[in-house]
Amino acid sequence: MKKTIQDINQRIHEGKATILTAEEVTSLVKDGEEPRAEDIDVVTTGTCGVMSGTAAIFHLPVSEPGTFKKAKNILLNGVPGFPGPCPNEWLGSVDLMIYGTSHSINDPQYGGGFLFKDLIKGKEIEIEVEDLDGNIINSTANLHDFGTAQMIGTRFAFKNYTAFINPSSNPISSIFNAVDMEGPFKGFSFSGCGELNPLQNDPQLNSIRIGGKLLINNSEGIFIGPGTRSSPEKPNMMLTADMKEMDHFYLGGFRTGAGPEVYNSVATAIPILNDDILKRTFIKNEDITLPISDIRGRHSVLSQTTYDVWNNVDERPTYEKDLCQRCETCLVEERCPTKAFQNHDLNLTKCFGCGMCAYSCPFSSFQMERGTVLMGWKGEMKELEVTCRQSDIKRARKLAEELKKRIRNEDFLL
């Protein structure tokens, strides 16, 4: 059976469309059903994870017109930006680009991801501009004051990710783990949302077309085209959306062993025009290969597992307050990538489900089934404990459900 986008939009308008998430489709297949294109109209996908290729383009007020000619340097909450290319001479405002991976010059644990979250939450931020003559202009603003706040994702939502271990005896600092990764073989860090991930369900970009709509952090955005480092074997997406329409729940800063990074959430809609498109969404976690590399280099692939790492695990930890010893230096508070644990309190809204708390607490105050992975190494099998997830299946699933609701309510047409 073949359908058109117009056919599907008409069915949505009439309230007759069947809209499922990619996980729901896979669940049907696991139960022995064989869905057909005539049964399903739209499949939504989602992912959430550390996405280093994040930048924001801002136009923001700094002072009254005539105060300074042009900005030479700019800091937002201590995070450096890049003024230009528009000079805005004597207008008192600045155009700039800022990276989600940029680090504050004042606080090594604060960076662009945390800044973006603070802005979207409506917080007032500190602005410091150095003009061409070396004068310093200080001011404050919130996102409502900005003329432009546009996020650009230069490479989001890779189809294929790599997992990491440390086979050496020395701890290794890397963006691919929340803290320096201990070794040998004392942890396993991975990214990607498996069968729910957008490009696992449309790897050849047959449905996700240039100019097509999607959700970025719950803001309706546009697919610009393949992202940097994208290839047919390892595709990713270049995206853009208005930050003023974003929901701060879906993005933020994520501290790693090499400093703060940034995480985002993306959801896409796949119109089911024929059976071939639908069959691509049948993929299961246990069928998706996840290469395992030495954390000292992605080029050094040592073994492989599958996204079965998402099956039969906890999405969030449980905090057992009675077991907490109120340590003078709390390893969990020190290491939590999203600062979800502060002053002996776990904020589940901030929690990313990475597992670092359960791995770090010496008194088992945090309970969380994170799963294990078997890996062949020099003739023997090693069981590796998952210690860090740099993707959040809970946020990914929530955004895929949100997109499903928007389509059903005709707030997001294909």
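Positions are given from 1, in the same order as the sequence printed here.
- For Ser219 (side chain) and Ile216 (main-chain N/O), no donor-acceptor pair under 3.5 Å exists by modelled atom type.
- Looking at Glu401 and Thr21, their side chains come closer than 4.5 Å, going by heavy atoms from C-beta outward.
- A donor-acceptor contact shorter than 3.5 Å links the side chain of Asn77 to the backbone of Glu126.
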Could you walk me through whether Asn217 and Phe116 pass the side-chain contact (heavy atoms from CB on, under 4.5 Å) test, one step at a time?
CA-CA 11 Å; Asn217 304 323; Phe116 296 165; over 6 Å; no
Would you mind writing out the side-chain donor-acceptor pairs for residues 158-172 within the sub-3.5 Å range, not counting sequence neighbours?
| from | atom 1 | to | atom 2 | distance (Å) |
| --- | --- | --- | --- | --- |
| Tyr161 | OH | Phe158 | N | 3.1 |
| Asn166 | OD1 | Ser168 | N | 3.0 |
| Asn166 | OD1 | Ser168 | OG | 2.6 |
| Asn166 | ND2 | Asn170 | O | 2.8 |
| Asn166 | ND2 | Met181 | O | 3.0 |
| Ser168 | OG | Asn170 | O | 3.3 |

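- For residues 374-409, the pairs satisfying ring pair (Phe, Tyr, Trp, His ring centres under 6.0 Å) are Phe185-Trp377, with sequence neighbours left out.
- Side-chain polar atoms of Tyr263 and Asp392 form no donor-acceptor pair below 3.5 angstrom.
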Check residues 137-150 and write down every donor-acceptor pair under 3.5 Å in which the side-chain atom is one partner and the other belongs to a residue at least two apart or another chain.
| from | atom 1 | to | atom 2 | distance (Å) |
| --- | --- | --- | --- | --- |
| Ser139 | OG | Val62 | O | 3.2 |
| Thr140 | OG1 | Glu124 | OE2 | 3.1 |
| Asn142 | OD1 | His144 | N | 3.0 |
| Asn142 | OD1 | Asp145 | N | 3.3 |
| Asn142 | ND2 | Glu124 | OE1 | 3.3 |
| Asp145 | OD2 | Asn142 | N | 2.9 |
| Gln150 | NE2 | Thr240 | OG1 | 2.9 |
| Gln150 | NE2 | Ala241 | O | 3.4 |

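- Judged by distance alone, with hydrogens and angles left aside, the side-chain atoms of Ser231 form a donor-acceptor pair with the main-chain N or O of Lys234 at under 3.5 Å.
- The aromatic rings of Phe341 and Phe366 sit perpendicular to each other, their planes meeting at more than 60°, with 30° as the lower class boundary.
- You'll find the side chain of Phe156 stays beyond 4.5 Å of the side chain of Asn236, heavy atoms only.
- The salt bridge (Lys or Arg N to Asp or Glu O under 4.0 Å) test applied to Lys16 returns Glu14, not counting sequence neighbours.
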Run the side-chain donor-acceptor check on residues 45-53: report pairs under 3.5 Å with partners two or more places apart or on a different chain.
| from | atom 1 | to | atom 2 | distance (Å) |
| --- | --- | --- | --- | --- |
| Thr45 | OG1 | Thr268 | OG1 | 2.5 |
| Thr47 | OG1 | Asn197 | OD1 | 2.9 |
| Ser52 | OG | Glu261 | OE1 | 2.5 |

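- Taking all atoms of both residues into account, the shortest heavy-atom contact from Ile270 to Asp202 is CD1-CB, 4.1 Å.
- At least one donor-acceptor pair under 3.5 Å links the side chain of Asp294 to the backbone N or O of Arg296.
- A donor-acceptor contact shorter than 3.5 Å is absent between the side chain of His344 and the backbone of Gln342.
- When the shell of 6.0 Å around CD of Glu34 is examined, it contains 12 or fewer heavy atoms from other residues, nucleotides or ligands.
- Of the residues Lys398, Lys404, Arg406, the one that meets the salt bridge (charged side-chain N to carboxylate O under 4.0 Å, His left out) test with Glu402 is Arg406.
- When the salt bridge (Lys or Arg N to Asp or Glu O under 4.0 Å) test is applied to Arg280, no partner is found at least two apart in sequence or on another chain.
- Checked against salt bridge (Lys or Arg N to Asp or Glu O under 4.0 Å), Arg36 has the following partners two or more places apart in sequence or in another chain: Glu38, Asp39.
- Separating the CG atom in Leu399 from the CG atom in Leu215 is a distance of 5.0 Å, to the nearest 0.5 Å.
- For the side chain to side chain donor-acceptor pair (under 3.5 Å) condition, the pairs that include at least one residue of residues 325-336, sequence neighbours left out, are Arg335-Ser360.
- By the side chain to side chain donor-acceptor pair (under 3.5 Å) test, Thr54 is found to be paired with Asn264, residues two or more places apart in sequence or in another chain being considered.
- Heavy-atom neighbours of Tyr99 OH from other residues, nucleotides or ligands within 6.0 Å: at or below the threshold of 12.
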Throw together a table of side-chain donor-acceptor distances under 3.5 angstrom for residues 282-289, partners on residues two or more places apart or in other chains.
| from | atom 1 | to | atom 2 | distance (Å) |
| --- | --- | --- | --- | --- |
| Asn285 | OD1 | Glu195 | N | 2.8 |
| Asn285 | ND2 | Asn311 | OD1 | 3.2 |
| Glu286 | OE1 | Asn311 | ND2 | 3.4 |

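- Judged by distance alone, the side chain of Thr387 and the main-chain N or O of Phe188 form a donor-acceptor pair under 3.5 Å.
- Listed for the Thr44 side chain is a donor-acceptor partner under 3.5 Å among the backbone atoms of Ala400.
- In terms of heavy atoms, Val129 sits closest to Ala71 at CG1-CB, 3.8 Å.
- Atom-to-atom distance recorded for Leu413:CG and Asn9:CG is 5.0 Å, nearest 0.5 angstrom.
- Under the ring pair (Phe, Tyr, Trp, His ring centres under 6.0 Å) criterion, the residue pairs touching residues 243-262 are Phe254-Phe352, with sequence neighbours excluded.
- The salt bridge (Lys or Arg N to Asp or Glu O under 4.0 Å) check on Asp118 picks up Lys123, with sequence neighbours excluded.
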What do the steps show when you test Lys2 against Asp7 for salt bridge (charged side-chain N to carboxylate O under 4.0 Å, His left out), and what is the final call?
CA-CA 10 Å; Lys2 291 185 178 180; Asp7 292 334; over 6 Å; no
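- Checked by atom type and distance alone, the side chain of Ser173 pairs as donor or acceptor with a backbone atom of Gly257 at under 3.5 Å.
- We find the CG-CD1 distance between Leu214 and Ile208 to be 7.5 Å, quoted to the nearest 0.5 Å.
- Put simply, the side chain of Thr338 gets close to the backbone of Lys350: a donor and an acceptor are under 3.5 Å apart.
- Looking at Gln200, its side chain never comes within 3.5 Å of a backbone N or O of Cys193 through a donor-acceptor pair.
- In this structure, Ser365 and Tyr319 have side chains that are in contact, with non-hydrogen atoms separated by less than 4.5 Å.
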